[in-house]
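Read the structure below first, then the notes.
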Protein chains: 2
Amino acid sequence: MPETASLHTIGAQLRRARLAAGLTQEQVAELAGISRPRYRDIETGAAAARATTLMNVARALGLEMMLIPQFLVPAVDTLLSPESGEDAPAFVPQPEPDDER
Amino acid sequence: MPETASLHTIGAQLRRARLAAGLTQEQVAELAGISRPRYRDIETGAAAARATTLMNVARALGLEMMLIPQFLVPAVDTLLSPESGEDAPAFVPQPEPDDER
DNA sequence: AAACAAAGATATGTATACAGATCATGTTCT
DNA sequence: AGAACATGATCTGTATACATATCTTTGTTT
């Protein structure tokens with residue numbers, strides 16, 4: 001199963017976002033509502049999460065899972081590449097805010 | 001767990017993409033390497049797929065799963081809104097309709 | 001040094017995503 | 001009308017995502 005590559009790619013992205021946010025694995029796991037061993041497996045690419053779990057983890061890290069038409073991927077990558085999340089650390093939304101002000 | 005809403009949102013997106021591509025559930029299932037009953041459950045939001053399975057299904061439909069920083073979501077949505085169907089079958093998804101049935 | 005915190009890792013048990021088979025309910029055609 | 005096709009739906013069994021507990025390792029701090 002060459003899906004291992006995808007798992008590793010996702011995991012690396014999560015790890016980068018987590019370190020950028022200054023959070024521990026345990027903190028992200030709790031924010032996402034999963035256990036630390038499970039988050040570790042996801043971040044290291046050792047196991048695949050469910051789509052819903054990945055969405056919760058992503059939100060805990062300030063990311064949103066989206067399905068992008070393939071022909072728009074280069075454009076989206078351009079949006080992503082020049083800048084990363086503002087380096088201002090120290091707070092991350094919770095999974096499923098449910099309400100907006 | 002109101003993750004049911006997320007499941008239905010994803011499923012509706014897959015269904016729109018599938019119909020726009022003129023594919024049957026069975027064709028998408030085969031392209032994605034899963035069974036038809038499983039694809040049906042995913043498309044109808046009856047069950048959550050694994051992240052890897054969702055990626056395979058998305059690719060079969062010309063979509064790519066991406067993790068987008070939340071502050072960039074509006075910009076990406078703008079990219080998505082004007083066009084989307086690439087060629088043959090003319091069907092243009094609306095900005096965010098509910099569900100069709 | 002010891003103490004602590006964060007991450008790596010394994011084991012056991014449960015929930016659920018999967019395959020494959022089967023049957024029913026529409027649709028849309030000659 | 002039937003026939004072919006697409007979808008909805010349920011069942012049995014297997015693979016794996018999950019929780020929880022425990023232990024080790026590495027890195028940092030006093």
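In what follows, chains carry the letters A, B, and so on, assigned in the order in which the sequence lines appear, proteins first and then strands, with residues in each chain numbered from 1.
Side chain of Arg50(A), nearest nucleotide from dA6(D), dA6(C), dA17(D): dA17(D). If you check dT7(D), dA17(D), dA9(C) against the side chain of Pro37(A), the one that comes closest is dA9(C). Nearest nucleotide to the Ile34(A) side chain, out of dG8(D), dA19(D), dT10(C): dA19(D).
Atom CG in Asp41(A) sits about 12 Å away from atom C1' in dA19(D), given to the nearest Å. Between the P atom of dT7(D) and the CD1 atom of Ile42(B) lies a distance of 15 Å, rounded to the nearest Å. Atom CD in Gln25(A) sits roughly 18 Å away from atom P in dT25(D) (whole-Å rounding). Regarding Glu26(A), its CD atom lies at a distance of 17 Å from the P atom of dC4(C), rounded to whole Å. Rounded to whole Å, the distance from CE on Met55(A) to P on dC18(D) is 14 Å. As a whole-Å value, the separation of Glu30(B) CD from dA19(C) P is 12 Å. Atom C1' of nucleotide dA17(D) and atom OH of Tyr39(A) are separated by 17 Å, given to the nearest angstrom. Atoms CZ (Arg40(B)) and P (dA17(C)) sit 14 Å apart, rounded to a whole Å.
Across every non-hydrogen atom of Val28(B) and Ala60(B), the tightest pair is O-CB, 4.3 Å.
Side-chain heavy atoms closer than 4.5 Å link hydrophobic residues (I, L, V, M, F, W, Y) into clusters, and following such links, possibly through other members, connects Val57(A) to Met55(B). Both Leu67(A) and Ile42(B) are assigned to one and the same hydrophobic cluster, defined by single-linkage of ILVMFWY side chains at heavy-atom distances under 4.5 Å.
Using a 4.0 Å heavy-atom cutoff across all strands shown, Ser35(A) reaches at least one base atom of the nucleic acid. Using a 4.0 Å heavy-atom cutoff across all strands shown, Arg38(B) reaches at least one base atom of the nucleic acid.
Where Arg18(B) and Thr52(B) each meet DNA chain D at their nearest nucleotide, the meeting point lying more 5' is that of Arg18(B).
At a cut-off of 3.5 angstrom, the base of dG20(C) holds no donor-acceptor pair with the side chain of Arg36(B).
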